[in-house]
Structure formats: structure tokens, C-alpha cells
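Please read all numbers here as calculations on a predicted model, not as lab measurements. So you know, we letter chains A, B, ... as the sequences are listed, proteins then strands, and number each from 1.
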2 protein chains.
Amino acid sequence: MVNESVWLRPARRERRPLTLDRIVAEAVALLDEEGEARLTMRRLAERLGTGSTTLYWHVKTKDDVLDLALDAVFGQVPLPEGGTWRQRAAALVTGWRAALLRHPWSTGLLDRPLMGPNALERTEFLYATLAEAGFTGPDLIAAAFSLSTFVTGSATMQARDPAGSGPGLARHLQQHRDAYPTLAAHGLDPDWDAAFTRGLAYLLDGMTPGANP
Amino acid sequence: MVNESVWLRPARRERRPLTLDRIVAEAVALLDEEGEARLTMRRLAERLGTGSTTLYWHVKTKDDVLDLALDAVFGQVPLPEGGTWRQRAAALVTGWRAALLRHPWSTGLLDRPLMGPNALERTEFLYATLAEAGFTGPDLIAAAFSLSTFVTGSATMQARDPAGSGPGLARHLQQHRDAYPTLAAHGLDPDWDAAFTRGLAYLLDGMTPGANP
DNA sequence: CCGGTCCTCGTACAGCGTATTATCGTCGGG
DNA sequence: CCCGACGATAATACGCTGTACGAGGACCGG
């Protein structure tokens with residue numbers, strides 16, 4: 001359907017051009033508001049004021065949109081400067097985790113290859129920081145592997161069971177307190193942020209640059 | 001459609017009854033062979049020799065099938081006995097990771113609440129092992145959090161970039177070697193298993209029972 | 001004025017999860 | 001021995017999905 005009247009048709013300049021950036025930004029907003037299940041090409045197009053199939057000129061598939069949205073989240077992770085290598089690494093992974101938790105849907109996309117420029121830039125930064133600190137060979141790989149693994153894993157866990165996750169898990173544990181005694185005693189409403197900080201300290205304490213050749 | 005002939009109709013005992021267990025087992029097999037995207041209620045039913053909507057008598061939604069399939073994977077994780085607490089914890093998380101990697105699709109389901117009996121049993125085992133070792137309070141929570149986070153995170157990473165992941169990531173890194181020099185130098189074809197073992201040692205080295213009250 | 005190129009959209013299709021409804025097979029009680 | 005009831009199965013149908021396709025609109029350099 002063509003816009004019938006000049007008056008109803010948005011003025012030339014008023015209608016912002018559809019760009020890949022606008023699509024990705026709107027996808028992130030939609031995901032933030034309604035979650036992954038409700039992200040639909042049609043709904044996304046509607047919010048952008050375009051036809052749904054128009055999106056396919058800018059993007060090959062819906063998976064592209066998800067990949068780009070995820071990398072946009074990675075783009076929010078600041079690259080810290082200054083301080084010791086340990087401070088820089090801790091700041092990086094803490095900011096990384098915070099970015100993922102600001103957009104909880106992102107943790108559901110962490111399978112699938114992370115080859116976006118923002119993801120690679122952060123990974124490179126991590127490797128470089130550790131290499132500069134003196135980690136080499138298998139130690140370097142293991143250190144980088146452990147830290148990034150720790151970030152994505154902890155974000156996934158926290159997005160899955162948000163603090164005070166309602167009557168769900170907690171009540172279920174209470175009901176089967178006999179089957180899961182330790183869990184029911186300690187794991188009911190844990191402070192995940194504190195656990196992350198302390199766990200990160202464990203990990204960093206355990207790794208020493210130049211220790212194992 | 002009714003089976004027309006006695007001869008074509010499967011003999012009484014030959015046709016195994018449709019049970020929840022059979023559905024879940026077949027779902028796991030289908031996921032193993034074709035991955036999550038190709039798991040369809042219709043295809044699953046076809047493999048089971050039933051109509052698709054019949055499944056809905058045993059199961060409320062497709063998500064139920066996925067939850068049950070995931071918990072079935074957790075059921076493959078052995079609960080180690082004997083040895084020090086450190087040996088038991090290491091054995092648990094190693095077996096946990098192996099089970100997830102035997103069914104790579106499982107890492108894509110690690111968002112979503114893990115409330116299945118097998119998952120809870122393993123988590124309880126981990127908490128109990130650490131508590132018995134002397135971890136208490138925030139230290140206990142942080143230790144359990146770190147270990148399970150490390151398992152799920154590392155399995156996700158490895159399922160995402162399997163060893164020798166073809167021309168994909170490696171070539172992309174080579175092409176942009178100037179942008180990601182450290183990554184291109186070290187991260188091309190890493191030994192994830194070795195990185196996991198070493199990283200696990202970091203983590204366990206960093207945590208001491210009864211250290212921080 | 002006129003191609004040509006970038007961009008937009010309407011239509012259409014196969015496949016999805018699943019609600020509804022009807023029907024089957026089996027078995028216990030009269 | 002029948003018959004009703006109930007556990008289990010299946011056919012049909014609905015609304016929604018991702019996206020292929022082709023017909024155009026908008027703008028631009030000549």
C-alpha cells in the first residue's frame with residue numbers, strides 16, 4: 001500500500017533512513033523489553049516503521065540480527081587502563097559481566113561463535129594484558145580461558161536465577177529439603193555479586209605469571 | 001488413519017508403549033544427531049512412530065522436552081567417591097564438563113532454570129563436598145559458584161569453537177592479524193582440555209577451606 | 001528526460017507449536 | 001458377556017514464524 005496523501009506521508013527528512021545500526025539498536029531495545037522469544041522480524045520491523053521483509057536487504061537472516069545485537073552488548077564493555085595487570089584483568093571481567101547482566105537475554109546467545117569485532121577486541125585485550133604480565137604458552141591460554149569462561153558462566157548463572165527468583169527455586173528447595181540439605185541451607189538466596197568477586201579472587205590468586213613454563 | 005490389516009499392524013508386544021522416558025531418550029538422540037534447530041515435535045513424533053500431538057499428552061510444551069533432555073545429560077555425570085575433597089571436586093566438574101561436551105547442544109540450553117532432579121543432585125553433591133571440606137558461609141557459596149560457573153562456561157566455549165573449527169575463526173584471525181596480534185599468535189588452535197585442567201588447578205589452588213570467615 | 005542503482009514492500013509458502021475434538025483400545029464392574 | 005469409563009492416540013486447524021521472490025518506488029548522474 002502506498003501512502004495516499006502527501007500530508008500523511010512522513011516528510012522527507014523526518015523519516016530517518018533505515019540503517020544496520022538502527023536495526024541493531026532497536027533489536028537490543030526490543031530484547032531488553034520483551035526477551036528473546038518475542039523478538040520477531042515482523043515486530044522489529046514494526047517498531048522501525050518499515051515492512052518486515054525490508055530488513056532482509058540490510059541483513060541476511062535473523063541470526064545475523066542476534067549476532068549483531070550480542071556484539072553490541074560486548075561493545076559496552078570498557079577497556080580499563082592503568083593499574084597492575086591484575087587490576088586491569090579484574091576490571092575487564094567485572095565490566096564484561098555487568099554488560100551481560102544489563103541485557104540478560106545476551107547470556108542465552110553465548111553459544112554461537114563470538115567473532116564480532118567488539119568481542120574479539122575484548123578477547124585480544126585480555127590476552128594482551130596477560131601476556132604483558134608475563135604469562136606465556138599454555139599458561140597464557142589457560143589464564144585467558146579461565147577468566148573469560150568465568151565471566152560467561154557466572155553471567156549465565158545469574159541471569160538464570162536472578163536474586164529472589166520468586167517462589168520458584170527457593171520453594172522447590174524448601175519442599176525437598178531432605179534431598180538437598182546443604183543446598184537448602186546455603187543456596188536459597190545467595191549474593192551472586194559477592195560470590196563472583198570472591199571467586200574471581202580465588203582464580204587470580206591461583207594464577208602466577210611465569211610460574212609453569 | 002487406522003492400520004488396515006492385521007499383518008501390517010505391529011504385533012501387540014512389538015509396539016512398545018509410549019512413555020516419557022522414551023520421548024526424552026529419543027529427543028536426546030535427535031539432538032545429538034541433528035542439533036537443537038532441527039528438534040521438532042513433529043520430527044520427534046515421527047521417530048517415535050506416533051502422531052505429533054500425542055506427545056502433548058505426556059508433555060505440556062516443547063520446553064518441557066528440552067528441560068528433560070538437559071536433565072538427562074546431567075544424569076550422566078558420575079558422583080565420585082573417595083579421595084580428598086579436592087580430588088572429588090575435580091572429578092565431579094571434569095565429568096560434568098565431559099557430559100556436556102558429549103551432547104554439545106546442551107550448552108545452548110544452559111540458560112533456563114536448572115531445577116531437574118539430576119542437576120540438583122549434582123549441585124547438592126558439590127555443596128556437600130565443599131562444606132565437608134570446611135568451607136562455610138560466603139566462602140562455601142563462592143567456591144560452589146566458581147566451580148559450577150567454570151564448568152558451564154568452559155563447556156559452552158568449547159562447544160562453540162570446537163578444536164580445528166575449520167576455516168572459520170582461525171582464518172578470520174589470520175586476516176586481521178594486525179588488529180588482534182596476541183590472539184592470532186596464541187589463540188588459533190588451543191588445547192581446550194589442557195586449558196581447562198590448568199585453569200581448574202588455578203581455581204582450586206586459590207581457594208582454601210576456612211580461610212576467610 | 002532517462003536509465004540504473006539502491007532501497008522498500010506485498011504476497012506467498014512451508015513449517016512451527018499447540019488447542020481442540022474425536023476416536024481408539026483396554027479393562028473393571030454389573 | 002456386555003458396557004461404560006478412562007487412559008491414550010490421532011486428525012484437523014489456527015495463528016504465527018522466517019524468508020524467497022518479484023514488483024515497484026526513490027533518487028542520481030548523464
Side-chain angles (χ1 to χ4, degrees), chain A residues 1-27 30-31 34-70 105 108-109 112, chain B residues 1-27 30-31 34-70 105 108-109 112:
Chain A
M1 174 189 57
V2 153
N3 284 322
E4 297 89 353
S5 150
V6 216
W7 316 115
L8 297 178
R9 183 168 49 221
R12 175 70 51 92
R13 274 293 110 207
E14 200 172 335
R15 174 167 190 165
R16 284 187 301 161
L18 186 59
T19 64
L20 192 57
D21 285 342
R22 274 191 69 215
I23 293 176
V24 174
E26 198 64 42
L30 178 51
L31 287 164
E34 317 202 26
E36 181 184 355
R38 311 213 36 175
L39 172 62
T40 286
M41 295 303 269
R42 281 176 239 257
R43 288 168 61 81
L44 180 56
E46 193 183 5
R47 287 175 65 126
L48 289 163
T50 77
S52 53
T53 64
T54 303
L55 300 176
Y56 285 90
W57 191 89
H58 300 268
V59 136
K60 193 145 189 302
T61 69
K62 181 186 179 182
D63 270 353
D64 283 8
V65 176
L66 292 174
D67 284 337
L68 291 165
L70 181 59
W105 48 268
L109 303 178
R112 86 174 59 211
Chain B
M1 174 190 57
V2 154
N3 284 322
E4 296 89 352
S5 153
V6 215
W7 316 114
L8 297 179
R9 183 167 48 222
R12 174 73 50 92
R13 275 293 109 208
E14 200 172 334
R15 174 166 191 166
R16 287 186 300 162
L18 186 59
T19 64
L20 192 57
D21 285 343
R22 274 190 68 215
I23 293 176
V24 174
E26 198 65 42
L30 179 51
L31 287 164
E34 316 203 28
E36 182 186 354
R38 310 214 34 173
L39 172 62
T40 284
M41 295 303 269
R42 282 175 238 256
R43 287 167 62 79
L44 180 56
E46 193 183 5
R47 287 174 65 126
L48 288 164
T50 78
S52 54
T53 65
T54 302
L55 299 176
Y56 285 90
W57 191 90
H58 301 268
V59 136
K60 194 147 190 299
T61 68
K62 181 187 179 182
D63 271 353
D64 284 7
V65 176
L66 292 174
D67 285 337
L68 291 165
L70 181 58
W105 47 269
L109 304 178
R112 86 174 56 210

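- Residue Thr54(A) is classed as a base contact, given a heavy-atom separation below 4.0 Å to a base.
- Going from atom CG of Leu44(A) over to atom P of dC16(D) covers 18 Å, rounded to whole Å.
- Distances were taken from every side-chain heavy atom of Trp57(A) (C-beta onward) to each of dC6(C), dT19(D), dA10(D); the shortest belongs to dC6(C).
- For Leu39(A) and dC16(D), the CG to C1' distance is 14 Å, given to the nearest whole Å.
- Look at CG on Leu55(A): it is 11 Å from C1' on dG18(D), rounded to the nearest Å.
- Donor-acceptor pairing under 3.5 Å, judged by distance alone, is present between the side chain of Thr53(B) and the base of dA11(D).
- Atom OG1 of Thr61(B) sits about 4.0 Å away from atom CG of Asp64(B), to the nearest 0.5 Å.
- Taking atom CD1 on Ile23(A) and atom P on dT19(D), their separation rounds to 13 Å, with Å as the unit.
- By the 4.5 Å heavy-atom criterion applied to side chains, Leu55(B) and Leu48(B) are counted as neighbours.
- Listed nucleotides: dT17(D), dC9(C), dA10(D). Nearest to the side chain of Arg43(A): dT17(D).
- Going from atom CD of Glu34(B) over to atom C1' of dG15(C) covers 15 Å, rounded to whole Å.
- Residue-level contact check: Thr40(A) touches the backbone only, with heavy atoms under 4.0 Å from sugar-phosphate atoms and none from bases.
- In this structure, CD of Glu46(A) is placed 10 Å from P of dT17(D), rounded to the nearest angstrom.
- Rounded to whole Å, the distance from CG on Asp64(A) to P on dG18(D) is 13 Å.
- The side chain of Leu18(A) lies closest to dT8(C) when the candidates are dT17(D), dA13(D), dT8(C).
- With dT8(C), dT9(D), dG18(D) as the choices, the nucleotide that has an atom nearest any side-chain atom of His58(B) turns out to be dT9(D).
- Separation of atoms CG (Leu39(B)) and NZ (Lys62(B)) is listed at 5.0 Å; rounding is to 0.5 Å.
- Here dT17(D) presents its C1' atom at 17 Å from CE of Met41(B), a figure rounded to the nearest Å.
- Contact check for Glu36(A) versus Leu31(A): side-chain heavy atoms found under the 4.5 Å cut-off.
- The Tyr56(A) side chain lies nearest to dG18(D) when the options are dA20(D), dG18(D), dG17(C).
- Distance from the side chain of Arg42(B) is smallest for dA13(D) among the nucleotides dA13(D), dT19(D), dA11(D).
- The backbone N or O of Arg42(B) sits nowhere less than 3.5 Å from a side-chain atom of Thr40(B) that would complete a donor-acceptor pair.
- Closest to the side chain of Thr61(B), out of dT18(C), dT19(D), dC16(C), is dT18(C).
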